[in-house]
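This chain uses plain numbering: 1 for the first residue, then up along the sequence. As the structure is a prediction and not an experimental result, all values here were calculated from the model.
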Amino acid sequence: MHITGEVDSNYIGTDQRYIHEAKDQLKMMEGVNKAAYLLKRPKQITPYMRQAIKEALSVPTGPVTIAIPTNFQAQIIPQNQLIEVETIQNQEVKMDIPDIIAEMISEAKRPIVWAGNGVVASGATEELQKLVDKIQPAVVTSESGKGSIPENYPLCIGNFTFTPQVEKLLERSDLLISIGVHFRGWETNGWTSPVPKNHINIDLNSHAFNRSFDTLYTLNGDAKKVLQAINDALVHKEIKPDATYVEEVRSVRLAVRNDLRIQIGPYGEIVDIMREQLPENTILVTDVTIPGYTWGNKLFDIYEPRNYLYMTGGGIGQGLPMAIGAKIGQPNKPVVLIAGDGGFMVNVGELITAIQENTPIIVLLFDDGGYGILRYYQEAAYGRRTSVDLKNPDFVMLAKSMGFESERVHSVEEFKKGLENAVRSKKPYMVVVDVEAVGVLEYKESEEYIESFRPQHG
C-alpha cells in the first residue's frame, strides 16, 4: 500500500501551478502500480482503503496507491461503520488432483521442479520439500524463488536456469513441474528454454496459463494447497527414483557452480567468506550491479524463504532503502547489501536514514569507479565509452560522516578481515571493495546480444 498526498482537491487538473501540483499524478501512479485511486470525498475513505487493500492482495498481487488531497487530510471522519454482510467465513477449498497428474509424476524418470516466488508467497516450502524428497527431481529456482528450498540441498541446482547444463537437463527431461514461476526473459535465454511437452504448471494466477511456455496441465490454485493435494495423491504411489539421474543432477549442481567460479576469479573466495562468516538466516539484498547479478544471486546460498531480495524491475539504486526496510521488518536477522558505486550514489542519502532508524545493516560496496555494465556494452558494441566513468567521493569518509563504521579493502584477505569487523561490530558498517585492486570481473555477453545495441538498418 502506497498512501500519498495530492494537491488541494479544488486545484487538481486546473493547471494553476498550485504548490506541488503534478500533471496527471493519478496516471503516473497507475503506470507504476497495479492500481491507483484518488479519494474524492473524505467520508468515503473507508471503502477506498478496503478496495485498495483487496486489490493489492488479490492475484496477481502488486502495489496499489491511494492519493489523498491535502485539504482532506485533516478532516475528522464520522465514526460510522461499513459492514460487509456477504463475507464467507471458514470456507474450505477442496483440491481435486486428476489421477493422470499423479500418474505422470509417479512415472517420471527425469523430473525437474522449477520453483518461483509462488512457493515463497504461499508458504509452501515444507510441501515442496516433501514432494522433492519423494520424487527426487532436479530443482531449479527463479531469482525470486531463492530460498524456496534450502540451497545446500544436494538436488537443488538453484538459480542457474539459463546455463547449458540445465538446458540439457530440460531437453532430456520427461516432466517439468513449475510452481509460481513468471519465466522472466533473462532467466530463460529470452524465452528459448527447451521446456518439455510434459509440463505441469501450478499458479494462483489463471493468466499464467500458457503465458510464456506451453503447459500440458495447469493447476490453478494456491501453491501450498495444490502441493499438499499432490503429496496426498502420491502417498500410496510406489516411486523409485532413477539413481543414475539423481547422480547426474548432483553433478550438474557442482558443474554450474564450478564454471561460474572459474569466470569470477577472486570473487568466488569472497562469496565463500560471506557464507562462512554470516549467520545462516542472513537476509541478502543485491542491488543491480555486476557482483549482484553474476555471483551474489547464485553462489550465496539461501536456506529459508524471504531471506533474499533483489530489484525485480532492474533499476539501480534501490538496494540501500530496501536493505533498511528489510532490517526494520526483520530486526533479529542480519541484513547484508551488495551494491555497486554507481547505483549506490542514487540513494546515498539513505545512509543517514539507517542511522536515524537504528538499522545496523552491512553494506558491501564494490567500487569500480563507474557504471561497469555500461562500460562493457559501450566498448563491446562501439569500441569506445562515454559518460560511464564516475568521479566518486571517498566512500569511507562519506560513510563515517553519516555515522557508519567503514573501511576500504584491496584484497581477498583484507575483505575477510573487513567482514569480520563488520559482523563483530553489530553496528551500521560499510566495507568498500576496491575492484581495481581485487580484480575487475570479466563480464561477457553473446555477440548476438551485443549486435542488438548497434545501429540497425530498417
Side-chain angles (χ1 to χ4, degrees), residues 1-87 117-118 120-121 144 182 184 204-208 285 287-288 306 309-330 343-354 356-357 359:
M1 280 291 295
H2 173 228
I3 302 173
T4 187
E6 234 303 13
V7 300
D8 186 303
S9 62
N10 298 301
Y11 296 95
I12 296 175
T14 64
D15 194 30
Q16 291 180 257
R17 296 298 185 266
Y18 188 85
I19 186 170
H20 302 312
E21 177 188 1
K23 183 177 182 293
D24 293 332
Q25 177 177 307
L26 189 62
K27 289 183 179 179
M28 285 193 291
M29 293 298 100
E30 288 174 345
V32 294
N33 285 271
K34 180 184 176 185
Y37 301 97
L38 170 65
L39 183 64
K40 296 179 180 178
R41 294 180 181 274
K43 293 180 182 180
Q44 291 186 316
I45 185 66
T46 299
Y48 266 74
M49 290 297 292
R50 288 194 185 183
Q51 178 61 31
I53 292 169
K54 287 180 181 178
E55 187 70 37
L57 296 177
S58 63
V59 176
T61 58
V64 174
T65 281
I66 184 164
I68 305 175
T70 53
N71 58 320
F72 294 171
Q73 294 174 13
Q75 293 199 26
I76 303 298
I77 306 302
Q79 292 185 352
N80 43 30
Q81 297 183 35
L82 174 64
I83 300 173
E84 298 179 9
V85 296
E86 294 185 2
T87 56
N117 186 58
V120 177
S144 58
H182 212 98
R184 298 181 185 280
L204 189 55
N205 179 12
S206 61
H207 294 291
V285 183
D287 205 339
V288 179
R306 303 185 189 279
L309 298 173
Y310 77 107
M311 314 304 115
T312 308
I316 65 173
Q318 304 169 62
L320 180 55
M322 285 187 71
I324 295 169
K327 188 62 179 178
I328 292 173
Q330 295 285 344
F344 182 74
M345 287 297 289
V346 173
N347 284 307
V348 66
E350 298 303 324
L351 285 176
I352 202 67
T353 302
Q356 181 167 320
E357 299 300 324
T359 51

Quick one: does Thr312's side chain get under 4.5 Å of Arg184's, heavy atoms only? yes
Considering non-hydrogen atoms only, spot the tightest contact between Gln75 and Asn71 and give its length. NE2-O, 3.2 Å
Looking only at the side chains, is there a donor atom on one of Thr359 and Glu357 sitting less than 3.5 Å from an acceptor on the other? no
Could you measure the distance from the CD1 atom of Ile324 to the CE atom of Met322? Nearest 0.5 Å is fine. 11.5 Å
Is there a donor-acceptor pair under 3.5 Å between the side chain of Lys34 and the backbone N or O of Glu55? yes
Say whether, by atom type as modelled, one donor and one acceptor occur between the side chain of Asn205 and the main chain of Pro60 under 3.5 angstrom. no
Which residue pairs pass the ring-ring contact (aromatic ring centres under 6.0 Å, His included) test with at least one member in residues 24-82, sequence neighbours excluded? none
Under 3.5 Å, side chain of Glu21 to main-chain N/O of Arg17, donor-acceptor pair present? yes
Determine whether Gln330 and Arg306 make a side-chain contact, defined as any pair of heavy atoms from C-beta on separated by less than 4.5 Å. no
Shortest non-hydrogen pair, Val64 vs Asn33, comes out as N-OD1, 3.7 Å
Would you give the length of the straight line joining atom OG of Ser9 to atom CD1 of Ile68, rounded to the nearest 0.5 angstrom? 12.5 Å
If every non-hydrogen atom of Ile53 is compared with every non-hydrogen atom of Met1, which pair is closest and at what distance? N-SD, 4.0 Å
Side chains of Asp287 and Leu320: closer than 4.5 Å at any heavy-atom pair? no
Quick check: closest heavy atoms across Gly315 and Val288, and the distance to 0.1 Å? O-CG2, 3.6 Å
Rounded to the nearest 0.5 angstrom, the CD-CG distance for Gln318 and Asn347 is 8.0 Å
For residues Val285 and Met311, determine if any side-chain heavy atom of one lies less than 4.5 Å from a side-chain heavy atom of the other. yes
Answer whether the closest heavy-atom distance between the side chains of Gln73 and Thr70 falls below 4.5 Å. yes
Check: Gln25 side chain, Gly5 main-chain N or O, donor-acceptor pair, under 3.5 Å: yes
Test item: Ile66 and Met49 side chains (from C-beta on) under 4.5 Å apart, heavy atoms: yes
Between OG1 on residue Thr14 and CG on residue Asp8, distance to nearest 0.5 Å: 9.5 Å
Kindly indicate whether the side chain of Leu38, heavy atoms from C-beta on, has any atom under 4.5 Å from the side chain of Pro69. yes
Leu82, CG atom: more than 12 neighbouring heavy atoms under 6.0 Å: yes
